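Hydrogens, waters and symmetry mates are skipped; everything else that's a heavy atom, side chains included, is used. Note that ligands are numbered from 1 as they come in the structure, with each ligand's atoms numbered from 1 the same way. Quick caveat, the model's predicted, so the values are computed rather than measured.
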Amino acid sequence: MELEKSRDKVQKKPVRLIAAICNNMGMGKDGTLPWSLPSEFQYFLNTIKKVSRPGNMNLLIWGRLCWNSHPESMFPMDNSLHVVLSKTLSSVPDYAHFLCRDFESAVRLAAEPPLADIIETIWILGGRQVYEDALKHPWCDLLYLTDVMADFDCDAFFPEFDRELFKLQEKFPDVPSEIQEENGIKFKCQVFKKETTDTM
Ligand SMILES: NC(=O)c1ccc[n+]([C@@H]2O[C@H](COP(=O)([O-])OP(=O)(O)OC[C@H]3O[C@@H](n4cnc5c(N)ncnc54)[C@H](OP(=O)(O)O)[C@@H]3O)[C@@H](O)[C@H]2O)c1
């Protein structure tokens, strides 16, 4: 009976990944991005901050290194609550709202009271382990993956994923479909949609 009650309180939320990767699936070097693509970064910010109505928020999940690599000037961020994942930190980092020890605890924050009524989307911002956990999660439905069409020296890589399960969409709302170019680097914003999503 108690178990049933606690299940009733869980509200399923979409878990969505967002990343930019270059030719060899590289995404980072020395704790930061290997490229400078300000308009791609703006697209990233616009996407993760978007909500359908005032008062709603998104929950953003960050690995510790990823969190550290972002400048304080980015915060506070509209419509966003931030969870940092770490097993070593002992307190919530400045500008973040929550510290979690594992991925599922972070997801549950968004799905249970008191946040469940205001959270729309759980955005996964990396790095690698966090993306791996998210790709396996039953609530994961979309992968926003910008293809940076160039070679860069990287030491952090996006995980392989099943391209039969996550299908590339030809067009997707609010996602530019044409190839763009900035600082001499071509890139294309893409969305992969999971063919089937489990329900709880
Ligand atoms: N191009 C892109 O779109 C993009 C996106 C994301 C990241 N990046 C790049 O990737 C690099 C950072 O990624 P990374 O994979 O090296 O590091 P990361 O995931 O940001 O940080 C790793 C740390 O996060 C914590 N962590 C991760 N998963 C966890 C989990 N499931 N449970 C508990 N703690 C967890 C652990 O912290 P503790 O050691 O404290 O336990 C772990 O050591 C940077 O270069 C960044 O710029 C690029």
Side-chain angles (χ1 to χ4, degrees), residues 15-50 58-75 77 80 82-111 121-140 142-161 166 175-176 180 182-183 185-192:
V15 170
R16 297 178 175 166
L17 295 78
I18 186 162
I21 59 167
C22 63
N23 284 345
N24 56 353
M25 306 277 277
M27 62 176 187
K29 173 74 176 167
D30 297 331
T32 185
L33 294 178
W35 46 75
S36 172
L37 294 172
S39 65
E40 201 284 328
F41 194 67
Q42 193 55 53
Y43 159 77
F44 160 79
L45 290 176
N46 294 345
T47 305
I48 60 176
K49 291 194 286 192
K50 200 180 306 153
N58 293 326
L59 191 79
L60 276 43
I61 303 184
W62 310 70
R64 175 175 58 82
L65 299 177
C66 215
W67 174 263
N68 289 343
S69 75
H70 283 75
E72 289 184 358
S73 56
M74 262 179 65
F75 306 106
M77 200 186 277
S80 307
H82 305 279
V83 187
V84 177
L85 290 183
S86 168
K87 293 190 194 320
T88 60
L89 291 178
S90 51
S91 61
V92 183
D94 288 348
Y95 303 102
H97 301 90
F98 306 98
L99 171 65
C100 284
R101 302 272 172 235
D102 60 77
F103 185 76
E104 191 57 29
S105 306
V107 169
R108 290 286 153 158
L109 271 177
T121 302
I122 302 171
W123 281 107
I124 311 305
L125 308 189
R128 185 185 174 95
Q129 181 61 52
V130 195
Y131 287 137
E132 280 180 357
D133 290 346
L135 285 165
K136 284 186 280 192
H137 199 278
W139 299 352
C140 177
L142 297 174
L143 163 55
Y144 284 66
L145 198 58
T146 295
D147 179 12
V148 178
M149 303 158 89
D151 294 312
F152 285 90
D153 181 24
C154 294
D155 59 16
F157 296 86
F158 192 86
E160 291 295 337
F161 62 98
F166 288 89
V175 176
Q180 302 173 68
E182 198 171 22
N183 296 332
I185 305 163
K186 288 191 169 58
F187 65 95
K188 191 165 190 295
C189 300
Q190 303 183 128
V191 175
F192 293 80

Proximal atoms of ligand 1 relative to [X] (non-hydrogen, under 4.0 Å):
{"X": "Gln129", "answer": "28 (N)"}
{"X": "Asp133", "answer": "31 (N)"}
{"X": "Ala19", "answer": "3 (O)"}
{"X": "Gly28", "answer": "9 (C), 45 (O)"}
{"X": "Lys29", "answer": "45 (O)"}
{"X": "Asp102", "answer": "32 (N)"}

- Query: For Lys29, does the NZ atom have more than 12 heavy-atom neighbours from other residues, nucleotides or ligands under 6.0 Å away?
  - Reply: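 Buried by this count: over 12 neighbours within 6.0 Å.
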- Query: Taking all atoms of both residues into account, what is the closest heavy-atom pair of Ala110 and Leu59, and its distance?
  - Reply: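 It is CB-CD2, 3.7 Å.
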- Item | Least distance between heavy atoms, Arg128 atom then Phe157 atom |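 That would be NH1-O, 3.1 Å.
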- Query: Parallel under 30°, tilted from 30 to 60°, perpendicular over 60°: which one fits the rings of Trp62 and His70?
  - Reply: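 Perpendicular: the ring planes of Trp62 and His70 meet at over 60°.
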- For the residue pair Phe161 and Phe192, categorise the inter-ring angle as parallel (less than 30°), tilted (30 to 60°) or perpendicular (more than 60°).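 The rings of Phe161 and Phe192 stand perpendicular, inter-plane angle above 60°.
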Tell me the nearest of [options] to [atom], using heavy-atom distances.
{"atom": "atom 41 (O) of ligand 1", "options": "Glu40, Arg101, Lys87, Glu104", "result": "Lys87"}
{"atom": "atom 7 (C) of ligand 1", "options": "Gly63, Gly126, Cys66", "result": "Cys66"}
{"atom": "atom 29 (C) of ligand 1", "options": "Leu85, Ile61, Ile18", "result": "Leu85"}

Do [X] and ligand 1 have an N or O pair less than 3.5 Å apart?
{"X": "Arg128", "answer": "yes"}
{"X": "Leu125", "answer": "no"}
{"X": "Met27", "answer": "yes"}
{"X": "Thr32", "answer": "yes"}
{"X": "Trp35", "answer": "no"}
{"X": "Asp30", "answer": "no"}
{"X": "Cys100", "answer": "no"}

- Between Ser86 and ligand 1, find which residue part has any heavy-atom pair under 4.0 Å and reply side chain, backbone, both or neither.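 Both backbone and side chain.
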Among protein heavy atoms, which lies nearest [atom], and at what distance?
{"atom": "atom 21 (O) of ligand 1", "result": "Leu65 N, 3.2 Å"}
{"atom": "atom 40 (O) of ligand 1", "result": "Thr88 OG1, 2.4 Å"}
{"atom": "atom 2 (C) of ligand 1", "result": "Ala20 O, 3.5 Å"}
{"atom": "atom 44 (C) of ligand 1", "result": "Gly31 C, 3.6 Å"}
{"atom": "atom 19 (O) of ligand 1", "result": "Gly127 N, 2.9 Å"}
{"atom": "atom 23 (C) of ligand 1", "result": "Arg64 N, 3.8 Å"}
{"atom": "atom 10 (O) of ligand 1", "result": "Ala156 CB, 3.6 Å"}

- Query: Does some non-hydrogen atom of Tyr131 fall short of 4.0 Å from ligand 1?
  - Reply: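 Checking ligand 1 against Tyr131, which is what was asked, there is a heavy-atom contact under 4.0 Å.
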- Message: Just to check, does Phe152 reach to within less than 4.0 Å of ligand 1 when the distance is taken from its heavy atoms?
- Response: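 In this structure, Phe152 fails to qualify as a contact of ligand 1 - no heavy atom is under 4.0 Å.
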- Return yes when at least one protein heavy atom is under 4.0 Å from atom 27 (C) of ligand 1, and no when none is.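 Protein heavy atoms within 4.0 Å of atom 27 (C) of ligand 1 - there is at least one.
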- So, are Glu132 and Lys136 salt-bridged, with charged N and O less than 4.0 Å apart?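 Result for this pair is no, no salt bridge flagged.
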